[in-house]
Amino acid sequence: MAYDFAAIESKWQQRWDEQHAYAAPNPGDDGFDASKPKFYCLDMFPYPSGVGLHVGHPLGYIATDVVARFERMLGRNVLHPMGFDAFGLPAEQFAIETGVHPRVTTEQNIANMVRQLKRLGLGYDWDRTVSTTDPGYYRWTQWVFLQLWNSYVDPATGKAEPIGELVAKLESEKYLVGPDAELIADYDGLDAIEGQPIGSRPWSDLTQEQRHRLLDEYRLAYLAEVDVNWCPALGTVLANEEVTADGRSERGNHPVFKRPLKQWMLRITAFADRLIDDLDLVDWPESIKLLQRNWIGKSIGAEVDFRVTIDDPDTHATMDTEIRVFTTRPDTLFGATYMVLAPEHPLVASITTDEQSEAVRAYVAEAAKKTNVDRQQDAKEKTGVFTGGYAVNPVNDQPIPVWVADYVMMGYGTGAIMAVPAHDTRDHEFARTFDLPITEVIKGSIDFRDEAYTGEGPYTQWAQNDEVSLVGCTMAKAKAKMIDWLGTKGLGHAKVQYKLRDWLFSRQRYWGEPFPVLHELDDAGNPTGHVIGVPEADLPVELPELDDFKPEPMDDPDAPPRPPLGRAPESWRIVERDGKRYARELNTMPQWAGSCWYYLRYLDPHNDEAMVDPATERYWMTGDDRRSGVDLYVGGVEHAVLHLLYARFWHKVLFDLGHVSTPEPFGKLFNQGYIQAYYYEDERGVRVPATEVTTTDGKPAYEAQGTKGATFTYEGQPVNEKYGKMGKSLKNAVAPDEICEQYGADTLRLYEMYMGPLDQSKPWNPQDIVGVHRFLQRVWRNFVDDEADALLVDEHAPDEDQLRLLHKTIKAVTDAMGSMSVNVAIAKLIEMNNAMVAMDRLPRALAEDFVRMLGPLAPHLAEELWERLGFGFSVTVADWPRHDERFLVEDTIELPVQVNGKLRGRVVVPADADRAAIESSARAAAESDEAVAAAVTGKSIRKVIVVPGRLVNLVVG
RNA sequence: GCCGGAGUGGCGGAAUUGGCAGACGCGGCGGAUUCAAAAUCCGCUGGUGGCAACACCUUGAGGGUUCGAGUCCCUCCUCCGGCACCA
């Protein structure tokens, strides 16, 4: 019997299952050891898709499994759970394809994935698994939603508080209500009549209806009529994050249109600053932090009002109004020579003169027809039309023309800009296209007539008026000076602007969490516009059973959405409460809802009383000597601005409300790379199954993949080789089951870890798998005499060299594992094993520690050898070996001797030799060593560089 | 266009952060074993020149700093990812 991986692996997988080997007790549970520090190791949980896993999926899972096992052996309480993000489009799509209810297919898919994961020997605590579609789970998703709905962000503290606090502050008149529903706390400095700021009112003056609406203005979850991304083909709206740059749905690649719809929104923008600032608290890749910062897109600048004369649309009387713009460059205000309104800007119609009205109307209509896609594609050429109207530049009283152009977006800032062609590239392009004046207010290194100068520089004579001058200022100073001046004149003020929008939170889908809210109906059965939350005791609001759960795709982008829950029985849709009738919300939550907080439910998954027990949460999410939150979170970069931003937002709300104890959920984030693979396309560009492609001379494709000049065929036809992320769509997926069948799970694990650095993408190469498989076989043969079924391990003490080998390896492997350089750790173990081949019987000390180190990487083989070494269950709870420095020091070392930086020879010196000793032996070598002597002959040694322990360099000349 | 990241043998990748470039694995070549093959074991394997010892070259290209550069600095090229008229 050789190394029978199939028997060994199923034996140990069964044992781990039966013994709950990876169950992590909570504080207070049996077997909980409070003396150990915690380690919370988390994977981004998968969608249980119907096709199961390919070998790319478990890359991150294997990595966390290795780390989790390593940390456990180092003596930590390790929590390593796994669950399923089963709501949402993929699961529903799969269910639609197969015609089976998503609950059924989801359960099947989960079962299949659990089987696949267990087969890889992944040490998850399966007692803690969750599925977002389980009513026992989404009950708490709905509960978190109610927390959001019942909270607001207090403008004074920037923190979420229960909405009741706001009511209390309004009742006690700590806040008054301003004309735009703003909360006014500071009475001083405001013009006031009889002690009340003008236009503001106390809470007591508001009607019931007004109070209701005011609170809705502040809730973190609110209904609003907003321009949404409507995807008729999917029959649903999408979040900004779910729409690609070219204006199509990320899923399915269907066109997306902007249209106003009343939808649930989450007020993530209230957390924009904290979402930026708190990135400093976490250990994440800088690139991901940057992506989030860019996505939030904070710009500091000013809002400025430009006076303009318009025709009142009702009375046709001429009147003055203002166009408000946002700018990051108030210092260039003197150079504003025209203005631009977005085509959707409300003032466009009234500002347009009669002569221009035809042209403007045509332009606006044209712009409205364009989808995001068109607007993107047309971005290269500037278009626009003059309104005929003029505004007044407030700094120099110059009349400036007002244009309409689609390079200004209604969705950002105020939908209007002041154009400074001398110092803004887009404005410059536009000014050149339409021959508009360009005024240089900063002297740059380039001619302002050719190109906009956006850098720092001296302000020109134009940058001043009678009251304020920017001449001689730095840019920062100039900005501050202008904002100051605008403020005193009542023309503008400092303003912070974000790209981040509030999060569109409803979908016209069946397979999602129902909203725990009710819409009040009047006697005629029409909604009154009032919403109440479902009491916590009545949660969950379960999804009704529907025979037809399909969304309704629509050809007409203007047709109203028809959510599938509208087809639920009236008994579900209509609720009576306190003699009033209410309609349930028919939209469902988006896919991201369940994944925003799942890491908290793992901590206490069976708790019926609370989302998570507070003491349990505190233990796993805080550690006195460790970073707060999850200790290691591993997943793909694709979630950089979706899941990772949403989850941080929810976490902060829960933090403010006192439900969690850390400001950030994920202390350390690691992005694994993708497994890439070659794929093949025929002449029409159609992808063909990669496994069936051969080289032109009939060899398997992988033997020549990536080689220059190689040619490939599929069914006799030539195909082109390409390279991309492994997956179904490229027809280059490899199933882990196949590899487990052929080589075993340990081999697959080891191969994926050995491919290269975890954070890099790298190609799947079937040829390389045999390398690590041979290593495991060699380990087996080193340890076990198959003939005699006996262990080749003796009790004899290891000699000096063997100890040196052992401790050198322990140090190297421990260091490598600690820095997640698993590929290097494996290389060191291979080296040690190769050295052990020469020993005919292994000294026990080496054998034991080798098996310990193998444990996290190849747990099945390690368990088997551990048992044969006579230990009890299991190597997963064995101690990680520690190296002993004494065995690392050598008596003598060989130092390279360089001459002018080139290696010429070597000298052997005592390990503790000092500089002088090393120098003199190097000088001696310059006489005795042929190569060194040859290099220095005829020259004199000018200088000797000695780096003790590393090398010596003779500088000659 | 802007912002990130990366370029090391035929391939995947090492290199204690400025100190022996190419660890380890794959592939290739040669040998042992075998009737033969698989498996296994041993040896060689960056390039060029040379019978050879050896010499020279070599970390995308070019320049610089340094006794010494894959590593630091400047310029450029290529690939990958993100954002994209964000005022």
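Here is the naming used below: chain letters follow the sequence lines, and residue numbers restart at 1 for every chain.
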What distance, rounded to whole Å, do you find between the two P atoms, one in B:G31 and one in B:G70?
38 Å

Ignoring the backbone of A:Lys499, work out which of B:G25, B:A14, B:C83 is nearest its side chain.
B:C83

Could you let me know what B:C24 is paired to, Watson-Crick or G-U wobble, both distances under 3.5 Å, or none if it's on its own?
B:G12

From B:C67, B:C83, B:G12, pick the nucleotide closest to the side chain of A:Lys943?
B:C67

Rounded P spacing from B:C72 to B:G4 in Å:
16 Å

Which one, B:G12, B:C3, B:G19, comes nearest to the side chain of A:Lys762?
B:G12

Among B:U40, B:G12, B:G25, which nucleotide has an atom closest to any side-chain atom of A:Gln777?
B:U40

Sugar-phosphate, base or nothing in reach of A:Gln497, heavy atoms under 4.0 Å
nothing

Under the criterion ring-ring contact (aromatic ring centres under 6.0 Å, His included), which of A:Tyr679, A:Tyr751, A:Tyr723 is the partner of A:Trp764?
A:Tyr751

Taking the minimum atom-to-atom distance to the side chain of A:Val824, which one of B:C24, B:A87, B:A15 wins?
B:A15

Between atom CG in A:Asp759 and atom C1' in B:G12, what is the gap in whole Å?
15 Å

Run the side-chain donor-acceptor check on residues 767-775 of chain A: report pairs under 3.5 Å with partners two or more places apart or on a different chain.
from     : atom 1 : to       : atom 2 : distance (Å)
A:His773 : ND1    : A:Tyr743 : O      : 3.4
A:His773 : ND1    : A:Thr747 : OG1    : 2.8

Which whole number of Å gives the distance between the C1' atom of B:C20 and that of B:U71?
15 Å

Give a yes or no on whether a donor-acceptor pair under 3.5 Å exists between the nucleobase atoms of B:C24, that is its base, and the side chain of A:Lys828.
no

Taking atom C1' in both B:G22 and B:G10, what distance in whole Å separates the two?
14 Å

Whether the side chain of A:Glu721 engages the backbone of A:Phe712 through a donor-acceptor N/O pair (distance < 3.5 Å, no angle test) should be reported.
no

Does B:G25 have OP1 or OP2 under 4.0 Å away from a side-chain N or O of A:Tyr754?
no

Checking the side chain of A:Gln292 only, and the main-chain atoms of A:Ala640 only, is there a donor and an acceptor separated by less than 3.5 Å?
yes

Closest to the 5' end of RNA chain B, once A:Gly756 and A:Gly415 are matched to their nearest nucleotides, is A:Gly756

Within the 4.0 Å heavy-atom criterion, would you say A:Ile945 contacts the bases, only the backbone, or no part of the nucleic acid?
base

For the pair A:His639 and A:His643, name the ring-plane relationship: parallel under 30°, tilted 30 to 60°, perpendicular over 60°.
perpendicular

In whole Å, what separates the P atom of B:G13 from that of B:C29?
24 Å

Under 4.0 Å, heavy atom to any atom of RNA chain B: which of residues 331-340 of chain A qualify?
none

Is the glycosidic torsion of B:U17 within 90° of 0, making it syn, or is it anti?
syn

Within this structure, what is the CG-to-C1' distance between A:Leu279 and B:G4, rounded to whole angstrom?
15 Å

Nearest listed nucleotide, side chain of A:Val770, among B:C24, B:A87, B:C26:
B:C26

Quick one: is B:C80 close enough that its OP1 or OP2 comes under 4.0 Å of any side-chain N or O from A:Ser761?
no

Would you mind classifying the nucleic acid contact of A:Asp815 as base, sugar-phosphate or nothing, using non-hydrogen atoms under 4.0 angstrom?
nothing

Counting distance only, does the side-chain N/O of A:His423 pair as donor-acceptor with the main-chain N or O of A:Ile442 below 3.5 Å?
yes

Decide, for B:G30, between syn and anti: a glycosidic angle within 90° of 0 counts as syn, anything else as anti.
anti

When you measure from the side chain of A:Glu831, which nucleotide among B:A23, B:A55, B:C20 comes out closest?
B:A23

Counting heavy atoms from C-beta on, name the nucleotide in B:C67, B:G82, B:A15 closest to the side chain of A:Leu291.
B:G82

Electrostatic pair A:Lys289-A:Glu286, nearest N-O below 4.0 angstrom
yes

Report the nucleotide, chosen from B:C3, B:A55, B:A14, that has the shortest atom-to-atom distance to any side-chain atom of A:Leu290.
B:C3

With both distances under 3.5 Å as the test, what is the Watson-Crick or G-U wobble partner of B:G18?
none

Indicate yes or no for a side-chain donor-acceptor contact from A:Lys298 to the backbone of A:Ile296 under 3.5 Å, with no hydrogens or angles considered.
no

Whichever of A:Ala827 and A:Ser287 has the more 5' nearest nucleotide on RNA chain B, that residue is A:Ser287

Rounded to the nearest Å, what distance is computed from the NE2 atom of residue A:His773 to the C1' atom of nucleotide B:C26?
15 Å

Quote, to the nearest angstrom, the C1' distance that separates B:U17 from B:A38.
46 Å

With both distances under 3.5 angstrom, what nucleotide forms a Watson-Crick or G-U wobble pair with B:G62?
B:C74

Using a cut-off of less than 4.0 Å, is there contact between a side-chain N or O of A:Asn953 and OP1 or OP2 of B:G19?
no

Under a 3.5 Å limit on both distances, the Watson-Crick or wobble mate of B:G68 is none

Strictly by Watson-Crick or wobble contacts shorter than 3.5 Å, is anything paired with B:G30, and which nucleotide is it?
B:C42

Sticking with atom C1', work out how far B:G68 lies from B:U78, rounded to a whole angstrom.
29 Å

Just wondering, more than 12 heavy atoms not from A:Arg942 lying within 6.0 Å of its CZ?
no

What distance separates A:Lys943 NZ from A:Glu919 CD, expressed to the nearest 0.5 Å?
11.5 Å

Rounded interatomic separation in angstrom, taking CG from A:Asp427 and C1' from B:A87:
7 Å

Minimum-distance nucleotide (side-chain atoms of A:Asn765 versus B:C11, B:G27, B:C24):
B:C11

Compare side-chain N and O positions of A:Arg781 against OP1 and OP2 of B:C41 and report whether any pair is under 4.0 Å apart.
yes

Any strand counts, and the cut-off is 3.5 Å on both contacts for Watson-Crick or G-U wobble. Which nucleotide pairs with B:C56?
B:G47

Quick one: label A:Asn823 by what it contacts on the DNA or RNA (base, sugar-phosphate, nothing), any heavy atom closer than 4.0 Å.
sugar-phosphate

Indicate whether OP1 or OP2 belonging to B:C11 is found under 4.0 Å from a side-chain N or O atom of A:Gln767.
no

For the residue pair A:Tyr3 and A:Trp780, does the interplanar ring angle fall in the parallel (under 30°), tilted (30 to 60°) or perpendicular (over 60°) class?
tilted

In a check of side chain to side chain contact (heavy atoms under 4.5 Å, CB included) between A:Met339 and each of A:Ile417, A:Asn393, A:Val325, which one passes?
A:Val325

Which part of the nucleic acid, if any, lies within contact of A:Leu951, taking any heavy atom under 4.0 Å across all strands shown: a base, the sugar-phosphate backbone alone, or nothing?
base

Using the C1' atom as the point on both nucleotides, what is the distance between B:U8 and B:C67, in whole Å?
25 Å

For B:C83, which nucleotide is its Watson-Crick or G-U wobble mate, given both distances must be under 3.5 Å?
B:G1

So, is A:Arg774 close to the B:C26 phosphate, meaning a side-chain N or O under 4.0 Å from OP1 or OP2?
yes

